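In what follows, a single structure is set out as structure tokens and then discussed.
The model shown is predicted, which means the values in this text are computed figures rather than measured ones. Worth knowing before you read on, the calculation uses all heavy atoms, side chains too, and leaves out hydrogens, waters and symmetry mates.
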Amino acid sequence: MLTKKTADRLVYLADKYETKDFLTKDPSQFMHRYTDPAEMEIAAFLAANMAFGRRDQILSHTEAVLQAAGTDLLKWVQNKGYRKFFTKGDSSYYRMYTHNDFLLFFDTVCTLIKESDTIGNHFKKIYTHPDNKSNYLTPLICNLFPENCHLIPHSKGTAAKRINMFLRWMVRDNSPVDLGLWKDWYSKKNLLIPLDTHVMQEAATLSLFQLSKNGNVPSASFKTDVQLTNLMETVFPGDPCRADYALFGFGVDKDADS
């Protein structure tokens, strides 16, 4: 149950943690290196999809790819320069994800850019197409990538945390962290909170949803994500994903106090 005290605390935490300092140790820092929106999108999409595991490892492995790309990230992708970096087949590049996974990832990104100039333009095209009936962009993005590209989630009902985090970066405006590049064609109301086990645990501690009958925290799924996001809409009207900063901040403050 969401009490006024909890709601006020969430707003306080969002104000405290949605600052420029958030970028220092977060993968969102990489997209801020670029001025060309096409390159911002590529850097953000790569960084978001590598954002799991130890933070220092996320940053170092993303950094290595972007350093290999040099000063023209867009041209590096268009000219398939990534094929000189990812060369070791089924061997791991980052955790369980192989060089082949990254080749499939970048090959798809390259194709989307070839067809629509930027990945944002391509995503806009499929989302605004008259045949699209989905309010959410996440599954449409996932369906563009081959199923054997394990960097992108394909399981039905997945919370797809990393894609939703990428969308938060691209859509939310008036933020020192999020870029708001796609604010004109995708509503903040249709964003979903980037949900994983850690976020679920923090939300459970704040009693933002009921535990299962055996007292366990529910799994991070599309269903629970929609439920939590809808609840956060009551705290942050029109911008429920601002709660992502609040839940992050709650975890930090809680750990500091323990």
Side-chain angles (χ1 to χ4, degrees), residues 1-2 27 44-53 58 94-98 101-102 104-105 108-109 112 119 122-129 131-172 182 186-236 239-248 251:
M1 179 179 178
L2 181 63
F45 199 47
L46 171 66
N49 280 292
M50 292 184 66
F52 70 104
I58 296 169
Y94 181 59
R95 300 190 63 163
M96 74 285 289
Y97 298 124
T98 68
D101 287 322
F102 282 89
L104 288 169
F105 174 84
T108 305
V109 169
L112 300 183
I119 59 174
H122 198 90
F123 296 159
K124 177 182 178 181
K125 187 186 303 182
I126 62 172
Y127 184 71
T128 58
H129 193 280
D131 291 340
N132 176 42
K133 306 301 180 184
S134 174
N135 288 329
Y136 301 112
L137 183 55
T138 301
L140 303 179
I141 292 176
C142 294
N143 288 339
L144 291 171
F145 288 76
E147 289 193 9
N148 57 338
C149 176
H150 301 113
L151 203 59
I152 301 295
H154 291 93
S155 300
K156 187 177 181 180
T158 179
K161 173 199 172 176
R162 288 170 283 162
I163 300 294
N164 286 326
M165 182 169 66
F166 166 70
L167 291 177
R168 193 202 82 204
W169 294 349
M170 293 296 101
V171 176
R172 290 190 70 253
W182 302 351
Y186 195 79
S187 173
K188 288 185 287 190
K189 292 182 179 180
N190 289 337
L191 292 173
L192 291 171
I193 291 173
L195 191 63
D196 60 11
T197 301
H198 175 72
V199 175
M200 289 294 292
Q201 290 172 339
E202 304 300 351
T205 303
L206 286 166
S207 300
L208 298 182
F209 52 79
Q210 290 185 334
L211 301 179
S212 64
K213 291 182 179 179
N214 58 8
N216 292 332
V217 176
S219 61
S221 66
F222 174 77
K223 181 179 178 180
T224 54
D225 200 356
V226 171
Q227 291 172 344
L228 180 60
T229 302
N230 287 343
L231 181 61
M232 292 301 95
E233 168 72 21
T234 66
V235 182
F236 304 100
D239 189 16
C241 265
R242 189 153 194 257
D244 194 27
Y245 292 99
L247 293 170
F248 168 83

Please confirm whether the backbone N or O of [Y] pairs with a side-chain atom of [X], one donor and one acceptor, at under 3.5 Å?
| X | Y | result |
| --- | --- | --- |
| N135 | N190 | no |
| Y186 | L137 | yes |
| T158 | H154 | no |
| T229 | I193 | yes |
| T197 | A220 | no |

Quick one: pull up [atom1] in [X] and [atom2] in [Y] and give me the separation to the nearest 0.5 Å.
| X | Y | atom1 | atom2 | result |
| --- | --- | --- | --- | --- |
| S221 | Q227 | OG | CD | 7.5 Å |
| I58 | R95 | CD1 | CZ | 8.5 Å |
| R168 | L191 | CZ | CG | 9.5 Å |
| R172 | Y245 | CZ | OH | 5.5 Å |
| L140 | F123 | CG | CZ | 10.0 Å |
| L195 | M165 | CG | CE | 12.5 Å |

Going by the angle between their ring planes, with limits at 30° and 60°, are F45 and F145 parallel, tilted or perpendicular?
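Tilted, since the angle between the ring planes falls between 30° and 60°.
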* Take the angle between the ring planes of Y97 and F52 and call it parallel below 30°, perpendicular above 60°, tilted in between. =>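 Correct class here is perpendicular.
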Between F105 and L46, does a side-chain contact (heavy atoms from CB on, under 4.5 Å) hold up when you go through it step by step? CA-CA 9 Å; F105 174 84; L46 171 66; 4.3 Å; yes
List the steps, then state whether side-chain contact (heavy atoms from CB on, under 4.5 Å) holds for I141 with L167.
CA-CA 10 Å; I141 292 176; L167 291 177; 3.9 Å; yes
Does some side-chain heavy atom of [Y] sit less than 4.5 Å from a side-chain heavy atom of [X]?
| X | Y | value |
| --- | --- | --- |
| P153 | I163 | yes |
| V109 | I119 | yes |
| C241 | K188 | no |
| N49 | I152 | yes |
| P27 | W169 | yes |
| L206 | L2 | no |
| N164 | D225 | yes |
| T108 | C149 | no |

task = Check the pair F222 / T138 against side-chain contact (heavy atoms from CB on, under 4.5 Å), numbers first and verdict last.
result = CA-CA 10 Å; F222 174 77; T138 301; over 6 Å; no
Test side-chain contact (heavy atoms from CB on, under 4.5 Å) on L104 and N148; report intermediate values, then the result. CA-CA 8 Å; L104 288 169; N148 57 338; 3.7 Å; yes
If you look at every heavy atom in [X] and [Y], which pair is closest and at what distance?
| X | Y | result |
| --- | --- | --- |
| A203 | F209 | CB-CE2, 3.4 Å |
| R162 | L151 | NH1-O, 3.7 Å |
| Y127 | S134 | CE1-O, 3.5 Å |

>> Within the supplied structure, the quantity of interest is the number of heavy atoms (other residues, nucleotides, ligands) at a distance under 6.0 Å from K125 NZ; does it exceed 12?
In response: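 Enclosed.
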